Amino acid sequence: QVQLVESGGDLVQAGGSLRLSCAASGSIFSKNAMGWYRQAPGKQRELVAAIFSGGYTHYADSVKGRFTISRDNAKNTVYLQMNSLKPEDTAVYYCNSASPPFGSWGQGTQVTVSS
């Protein structure tokens, strides 16, 4: 069982900021590009951001310029800094590999942005 533990979600007002953390097992962190996903009510899970071993990053158009993904190799942790939050960012946020093989999906962390 690959361990993926997300934290940092909260209730925040529009325009506010949050930093999410994802603690990953060493194997998945070392061998895979890591990503942040989110799933809003009634919608499919979508990839929000990804970070690759060479330092390249990818962002969905909806969050580009507002979110920043980073990683700390010594801590096997991936972060998502979220600024200028909007109500449409409200979702459960998950971390996982950005490509197969995936680990088991965890509980995620709830981000709620009020208008």
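Heads up: numbering here begins at 1 and tracks the sequence. Remember, predicted model here, so these are calculated numbers, not experimental data.
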*Asks:* Compare every heavy atom of Ala91 with every heavy atom of Gln39, then report the nearest pair and how far apart it is.
*Replies:* O-CB, 3.4 Å
*Asks:* Quick one: CG on Asn76 to CE on Met34, what's the gap to the nearest 0.5 Å?
*Replies:*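 These two atoms lie 9.5 Å from each other.
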*Asks:* Are the side chain of Thr57 and the backbone of Ala50 linked by a donor-acceptor contact shorter than 3.5 Å?
*Replies:*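 Not at all, since once roles are kept as given, no pair shorter than 3.5 Å links the two residues.
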*Asks:* Is the NZ or CZ atom of Arg38 both under 6.0 Å from the centre of the six-membered ring of Tyr94 and within 45° of that ring's axis?
*Replies:*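 Negative - Arg38 is either too far from the ring of Tyr94 or too far off its axis.
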*Asks:* As an exercise, state the distance from OG of Ser17 to CZ of Phe67, rounded to the nearest 0.5 Å.
*Replies:*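 That separation rounds to 9.5 Å.
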*Asks:* So which heavy atom on Ala40 is nearest to which on Thr90, and how close?
*Replies:*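 The pair with the smallest heavy-atom distance is CB-O, 3.7 Å.
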*Asks:* Heavy-atom distance under 4.5 Å between the side chains of Glu6 and Ser21, does that happen here?
*Replies:* no
*Asks:* Within 45 degrees of the axis of the six-membered ring of Tyr79 and under 6.0 Å from its centre: does Arg19 put its NZ or CZ there?
*Replies:*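 Yes, a cation-pi geometry holds between Arg19 and Tyr79.
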*Asks:* Check the hydrophobic clustering (I, L, V, M, F, W, Y; side-chain heavy atoms under 4.5 Å; chains of links allowed) and say if Phe52 and Val48 are grouped together.
*Replies:*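 No, Phe52 and Val48 fall in different hydrophobic clusters.
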*Asks:* For residues Gln107 and Val92, determine if any side-chain heavy atom of one lies less than 4.5 Å from a side-chain heavy atom of the other.
*Replies:*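 Side-chain contact under 4.5 Å: no.
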*Asks:* Taking Arg66 for its side chain and Ser84 for its backbone only, find out whether a donor-acceptor pair lies under 3.5 Å.
*Replies:* yes
*Asks:* Any chance you could measure Trp36, atom CH2, to Glu46, atom CD, to the nearest 0.5 Å?
*Replies:* 14.5 Å
*Asks:* Is a donor from one side chain sitting under 3.5 angstrom from an acceptor on the other, for Thr77 and Asp72?
*Replies:* no
*Asks:* So, do Tyr56 and Ile51 sit near enough that their side-chain heavy atoms are less than 4.5 Å apart?
*Replies:* no
*Asks:* Quick one: are Leu85 and Leu18 in side-chain contact, heavy atoms under 4.5 Å?
*Replies:* yes
*Asks:* Parallel, tilted or perpendicular, judged at 30° and 60°: which one describes the rings of Phe102 and Tyr37?
*Replies:* perpendicular
*Asks:* Atom CD of Gln3 and atom OG of Ser25: how far apart are they, to the nearest 0.5 Å?
*Replies:* 7.5 Å
*Asks:* Taking the side chain as every heavy atom from C-beta outward, state whether Leu20 and Met82 have any pair of such atoms under 4.5 Å apart.
*Replies:*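 Counting from C-beta outward, Leu20 and Met82 do come under 4.5 Å.
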*Asks:* Heavy atoms only: give me the nearest Leu4-Cys22 pair and the separation to one decimal.
*Replies:* CD2-SG, 4.2 Å
*Asks:* Is it true that a side-chain atom of Tyr59 and a backbone atom of Ile69 form a donor plus acceptor pair closer than 3.5 Å?
*Replies:* yes
*Asks:* Using 4.0 Å as the upper bound for N to carboxylate O, is an ion pair formed by Lys64 and Asp61?
*Replies:*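 Judged by the 4.0 Å cut-off on N to carboxylate O distance, Asp61 and Lys64 do form a salt bridge.
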*Asks:* To the nearest 0.5 Å, tell me how far Thr68 OG1 sits from Asn83 CG.
*Replies:* 6.5 Å
*Asks:* Is it true that the side chains of Thr112 and Gln110 contain a donor and an acceptor less than 3.5 Å apart?
*Replies:*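 Distance-only check passes for Thr112 and Gln110.
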